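Okay, structure first, notes after.
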Amino acid sequence: MITNMVNDFDEKLPFSAYEQKGYLNQDFKFFHIRNREQFDIPYHYHDFHKLILVLSGNIRYLIEGREYELLPFDFVLVNRDLIHKPSSSENDNSEYDRIILYLSDGFLSEYGLLDSFNKAKEMESFVVRFPGDVSADIFEKFSRIEEDIKKEKDEYAGELLTRIDVLRALISFNRACIKEDFGFKPEARYNRKVIELISYISENLSEDLSIDFLADHFYMSKYHMMRIFKNETGYSIHQYISEKRILLARNLIMSGVPATTACLECGFKDYSSFSRAFKNQLGIIPSEIKI
């Protein structure tokens, strides 16, 4: 439950492409981060949800094939297991200032506060842009969390007060997302074919997703298909499919589905290849998942 506030960029360390980045063993973490150095973070994912309030900076955010040019007071919603990356503009030393909340799926589910992330996925739009008064109200609530953290150890029930203010901020944010449909309309640059591929793959992880099948299904040359997917997303179709299948299998196992059943439901032909891929991606074998 204890929150953290840092003043350093939390995604600097090198790691293999498409690796899980960041860990959350509590309900939430709070960060307020400012930095000026340029960066180009590799694609990665989290097993928690991430909410970002951009305060300043010339930043692009890429999420599952969509690229957003962010403006001050944009909110970025990164659902758990979505592959994403931020990227700064070349030769730009303007300050990138943002507030970030890491939020566990269980915490949001417990309080019925998953609406904003569910809506982002449903609308296939992961940046929200509210009217000024709405953004200002939520920013004020985020700032209150930051003040809570600074005096948490000196206040009676300090951690509880922080938790209450996190819930208040999330309630306001979710209420605004439900009310302000147009907020999910910031334009994203994307290749329509790539988005169709991503959508089809995500909905058919248990089916045949070979390169030849996908090329036939989308009436594309397989070499052209592989090239544009890599160009638009930064990873190969094979890597993307493998990543998504393992993440789905992990979630199924954590929900109580036997590992052998999850193996088949996620499109693997045999358990040994499934276990090996699981180990390579997550660092543990399926039987080591804690339910």
Side-chain angles (χ1 to χ4, degrees), residues 1-11 20-35 44-55 61 72-82 84 86 96-121 126-128 130 133-180 183-184 250-251 254-255 289-291:
M1 191 189 82
I2 299 171
T3 57
N4 291 338
M5 180 173 66
V6 297
N7 287 307
D8 193 12
F9 191 50
D10 68 324
E11 293 174 339
Q20 177 174 325
K21 190 79 177 74
Y23 295 89
L24 185 65
N25 56 4
Q26 55 206 60
D27 287 339
F28 56 84
K29 285 186 179 180
F30 179 96
F31 305 89
H32 187 171
I33 305 170
R34 303 178 184 90
N35 61 291
H44 60 283
Y45 65 91
H46 306 284
D47 66 356
F48 49 84
H49 304 283
K50 183 164 64 172
L51 174 60
I52 305 164
L53 168 56
V54 177
L55 299 175
Y61 225 92
F73 287 92
D74 278 353
F75 292 86
V76 184
L77 296 106
V78 184
N79 300 52
R80 66 184 304 212
D81 298 340
L82 292 189
H84 63 281
Y96 178 26
D97 186 6
R98 67 275 194 203
I99 291 172
I100 304 173
L101 271 172
Y102 286 0
L103 300 158
S104 79
D105 188 72
F107 172 66
L108 293 177
S109 297
E110 178 184 357
Y111 292 100
L113 293 171
L114 273 167
D115 291 311
S116 56
F117 290 97
N118 290 339
K119 189 166 184 177
K121 200 164 186 179
F126 301 99
V127 173
V128 188
F130 296 126
D133 59 330
V134 177
S135 297
D137 176 67
I138 299 170
F139 170 60
E140 181 181 340
K141 288 181 170 61
F142 278 13
S143 298
R144 192 173 302 156
I145 297 169
E146 187 168 356
E147 291 303 312
D148 288 341
I149 294 169
K150 290 177 181 177
K151 55 188 180 182
E152 203 170 54
K153 294 181 180 178
D154 300 321
E155 287 279 349
Y156 174 75
E159 290 184 10
L160 179 58
L161 289 172
T162 299
R163 186 182 188 88
I164 290 170
D165 279 336
V166 168
L167 289 170
R168 283 175 173 157
L170 291 173
I171 289 169
S172 293
F173 180 73
N174 276 274
R175 184 184 292 129
C177 287
I178 293 169
K179 182 180 178 182
E180 306 284 357
F184 283 87
R250 180 203 63 189
N251 293 341
M254 290 178 69
S255 71
I289 287 286
K290 295 180 180 179
I291 300 176

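Only a predicted model underlies this, so the values are computations on that prediction, with no experimental measurement involved.
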Is the shortest side-chain heavy-atom distance between [X] and [Y] below 4.5 Å?
| X | Y | answer |
| --- | --- | --- |
| F48 | F28 | no |
| L101 | F142 | yes |
| Q26 | F107 | no |
| K151 | L161 | no |
| M254 | R250 | yes |
| I52 | I99 | no |

### Task
Could you grab the distance from atom CD1 of I138 to atom OG of S143, nearest 0.5 Å is fine?
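One gets 12.0 Å once the value is rounded to the nearest 0.5 Å.
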### Task
Find the distance between CD1 (I145) and CD1 (I164) and round it off to the nearest 0.5 Å.
12.0 Å
Of all heavy-atom pairs between [X] and [Y], which one has the smallest distance, and what is that distance?
| X | Y | value |
| --- | --- | --- |
| R98 | V54 | CB-CA, 4.3 Å |
| K50 | F117 | O-CE2, 3.6 Å |
| H49 | N79 | ND1-CA, 3.6 Å |
| Y61 | P86 | CE1-CB, 3.4 Å |
| L24 | K29 | CD1-CG, 3.6 Å |
| K119 | I178 | NZ-O, 3.4 Å |

Taking side chain to side chain donor-acceptor pair (under 3.5 Å) as the definition, give me every residue that meets it alongside [X], ordered by chain and number, with sequence neighbours left out.
| X | value |
| --- | --- |
| E110 | none |
| N118 | none |
| D137 | K141 |
| D148 | none |

### Task
Determine the interplanar angle of the F139 and F73 rings, folded into 0 to 90°, and report it as parallel if under 30°, tilted if 30 to 60°, perpendicular if over 60°.
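Because their plane-to-plane angle is over 60°, the rings of F139 and F73 count as perpendicular.
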### Query
With sequence neighbours left out, what residues match N251 under side-chain contact (heavy atoms from CB on, under 4.5 Å)?
R80, D81
### Query
After noting the C-alpha distance and the side-chain angles of L82 and F126, does the key distance pass the side-chain contact (heavy atoms from CB on, under 4.5 Å) rule?
CA-CA 11 Å; L82 292 189; F126 301 99; 3.4 Å; yes
### Query
Does a side-chain N-to-carboxylate-O contact under 4.0 Å join E147 and K150?
yes
### CA sep, side-chain torsions, deciding dist, call: L77, L51, side-chain contact (heavy atoms from CB on, under 4.5 Å)
CA-CA 5 Å; L77 296 106; L51 174 60; 4.2 Å; yes
### Query
Under the 3.5 angstrom rule, does the side chain of N174 hit a backbone N or O of S116 as a donor-acceptor pair?
yes
### Task
With L103 as reference, evaluate L113, L114, L108 under the side chain to side chain contact (heavy atoms under 4.5 Å, CB included) test and give the passing residue.
L108
### Task
May I have the step-by-step check of side-chain contact (heavy atoms from CB on, under 4.5 Å) for R144 and E140, ending in yes or no?
CA-CA 6 Å; R144 192 173 302 156; E140 181 181 340; 3.4 Å; yes
### Message
Taking ring pair (Phe, Tyr, Trp, His ring centres under 6.0 Å) as the definition, give me every residue that meets it alongside F75, ordered by chain and number, with sequence neighbours left out.
### Response
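Per chain and number, F75 pairs via ring pair (Phe, Tyr, Trp, His ring centres under 6.0 Å) with F130, F173.
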